[in-house]
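Contents: one structure, followed by commentary.
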Amino acid sequence: MVLQSLSPKDPSSYSKPEEVAVTNIALNLTVDFDRKVLHGHVELDVKINNKNATEVILDAKHLNISKILDNETKKDLQYHVSENIEEFGSKLSIELPNRKVDNFTLSIFYETGSSASGIQWLTPNQTAGKVHPYLFSQFQAIHARSVIPCQDTPAVKTKYTATICTPSELTVLMSAIPKFTEVVGHQKYSHFIQDVPIPSYLIAIAVGALNSRKIGPRSHVWAEKEIIEECAYEFADTERQLITAEEICGPYVWGIYDLLVLPPSFAYGGMENPCLTFVTPTLLAGDRSLANVVAHEIAHSWTGNLITNRNFEHFWLNEGFTVFVERKIKGRLSSPLHQDFDAYGRLNELNETVKLFGEDNPLTRLVHDLKGVHPDDAFSVVPYEKGQTFLRHLEEVVGGPDQFEPFLRKYFDTFKFKSIDSDDFKSFFEEHFADNAAIKSVDWNAWLYCPGMPPKIPKYNISLAENCTKIMNQFCCWDEKVTCPIENTHVKNLTADEIIYFLQQILEQKPLTANKLEHLDKLFQFSKVRNAEIKFRWLRIGLKAHWKNSVEPTLKWINEVGRMKYVRPLYRDLYAWEDVRQKAIENFQINKKYMMHVVSYTVSKDLHLTA
Ligand code: BES
Ligand code: ZN
């Protein structure tokens, strides 16, 4: 691999914005569902920061470029596409115009490659309605370059506009404010504007037969009509969550906050695309019990979208902060007890990941070294949970939320619209709390750069957890010769969060016997459960016990649902069970063509099919 040409400032990008930076993006693209490509042109405003610079460098991945023009003179600009480095794409170098300029605009005419990693194309058959095709994008972390030639680093933030041409019966949504649409014959032109500067990974598009319901003064939920009512019910608390987030973080700057509920193959729980959060339909539990994912994506409106990690080595600044704010929203809307239960409960998952990676694995550090490492390979729960634990620790050290929350608001106000790294945060924290002697006890080096579990666990209120642990212990220690000590009366009032915690704990014990599994199923009706978090853990407990009844339901589910958080551990569990390993591999080979790139890429490694 020739990775030297990637930038030292962002090891995941070729661009050098300190020399020449893109300052605005105007997209003009046509969606061709037959050929599964986007084609058209993009206009980039460019600012020359170093007078000696001779070229502007962009990222591009499998793009077919036909010409590049200087907008003012309409003359061709020479360009060079370097060799493609697998998963990172190519360096696109474009000569600067030979007239004296500080700024200029160029147009790149191109089409996307046939299997752009940032786009998922669905045939009508893969949609709920079965009549129209569908497409959606997922650019985080570094897939924007497979759809748009751009400086694909979060250090660069730009506004964008877009005109998208599609068949007239389809709806286009983007991470921007919709302006207007025009229909010309069978074609529709949809216009958008995003007036807040954002990094490339937040550009997003979805096209399909979409309907909407108003769910709040600034919010609609979008989905195929078959599930739209369910969606409107599930996400009815969105405005309350937004208001609470504003109380914590300050004004919401993005105008609208819409939700798009995607088809089941979407790889993530949610994606914080500005103005339009994308979510998985696995959140449709029927009882609003998984709405914390929406609180999480709302929190990104400040942490991530206003203040952005400078590169993905500092991803915890996006995700750790977001989980921290997400839990503060929960603390206010539910109770501090539930906030702590959540934080404490997820430490188990962090622990599982640290064990899986190995305690000395550099990927268990908060700050990563991504030289030669693709961000999709580094992705895990570590930046989320170790990150939020660190912030909770800092909050404890400075004296609690009364001290920390004003600091947090000042942090948002100081760094909004900017991209920062962990040192920027450290300096800002130390300056703000300079008079607080307690901060000397913070071991920044251990937290940011040492692998393994967090160096300190904050004091959480664990009473809800203790109740679940008690039931779990009674059940796991149950001597099956006597009657089960756990009865329906003990469990019927448990909340979804409590059941999730209970199952998570069982998962960490010795495998259960078939008899105990059957008993659990009778008590909780897990085989029929709709809540995806519960279903996921129930299937894992069965697989761990080599319980035959779990295999078919697991295969059926992972062929339907593409959410990586579920699909990867379930494939790993199947792989670990020798009797079903081959079946799992065959299942993957057949179904990988329906998976999003990031899922097939990572599962293929988990199954040891690729290195
Ligand atoms: N931004 C992430 C999703 C993401 C991360 C996509 C990295 C691509 C690369 C999103 O905000 C997220 O964290 N989603 C979680 C939600 C959960 C933590 C509540 C998910 O997908 O499960
Ligand atoms: Zn997130």
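Note that ligands are numbered from 1 as they come in the structure, with each ligand's atoms numbered from 1 the same way.
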(Q) Any atom of ligand 1 sitting under 4.0 Å from a heavy atom of F315? (A) yes

Q. Does a donor on one side chain sit under 3.5 Å from an acceptor on the other, for T322 and T303?
A. yes

Q) With a cut-off of 4.0 Å, which atoms of ligand 1 are near a heavy atom of F379? A) 5 (C), 7 (C)

Q) Of all the atoms in E272, is at least one N, O or S atom closer to the Zn ion (ligand 2) than 2.8 Å? A) no

Q: Write out the residue and atom name of the closest protein heavy atom to atom 4 (C) of ligand 1, then the distance separating them to 0.1 Å.
A: Q140 OE1, 3.3 Å

Q) Of all the non-hydrogen atoms in the protein, which one sits nearest to atom 1 (N) of ligand 1, and at what distance? A) E272 OE1, 2.6 Å

Q.
Can you confirm whether the side chains of E272 and H296 place a donor and an acceptor under 3.5 Å from each other?
A. no

Q | Distance in Å, D258 CG paired with F235 CZ, rounded so as to fall on 0.5 Å steps | A | 13.0 Å

Q. Are F136 and F278 an aromatic pair by the rule of ring centers under 6.0 Å?
A. no

Q: Say whether R563 and ligand 1 are in contact under the criterion: heavy-atom distance to a ligand atom below 4.0 Å.
A: yes

Q.
Could you tell me, atom by atom, which parts of ligand 1 come under 4.0 Å of a heavy atom of H300?
A. 11 (O)

Q: Find out whether F536 and R563 are in side-chain contact, i.e. whether some heavy atom of one side chain is under 4.5 Å from a heavy atom of the other.
A: no

**Q.** Closest to atom 17 (C) of ligand 1 among H296, H143, E319, Q138 (heavy-atom distance)
**A.** H296

Q: List every atom of ligand 1 that sits less than 4.0 Å from any heavy atom of M271, numbering the atoms from 1 in the order shown and giving each element.
A: 1 (N), 6 (C)

Q: Please find the N/O/S atom of E319 nearest to the Zn ion (ligand 2) and write down its name.
A: OE1

Q: Report yes if some N/O of G270 lies less than 3.5 Å from some N/O of ligand 1; otherwise report no.
A: yes

Q.
Below 30° counts as parallel, above 60° as perpendicular, anything between as tilted: where do the rings of F425 and F407 land?
A. tilted

Q.
Suppose we measure from atom 16 (C) of ligand 1 to each protein heavy atom; which comes out shortest, and what is that distance?
A. E297 OE2, 3.7 Å

Q) Are the side chains of E234 and D287 in touch, meaning some heavy atoms are under 4.5 Å apart? A) yes

Q: Please work out which of Y268, Y566, Y384 has its closest non-hydrogen atom nearest to atom 13 (O) of ligand 1.
A: Y384

Q. Out of A267, P375, G269, whose heavy atom sits nearest atom 21 (O) of ligand 1?
A. G269

**Q.** Residues R537, E533; criterion salt bridge (charged side-chain N to carboxylate O under 4.0 Å, His left out); working and verdict
**A.** CA-CA 7 Å; R537 289 174 180 79; E533 292 289 325; 2.9 Å; yes

Q) Taking the six-membered ring for Trp, is the centroid-to-centroid distance between Y575 and F588 below 6.0 Å? A) no

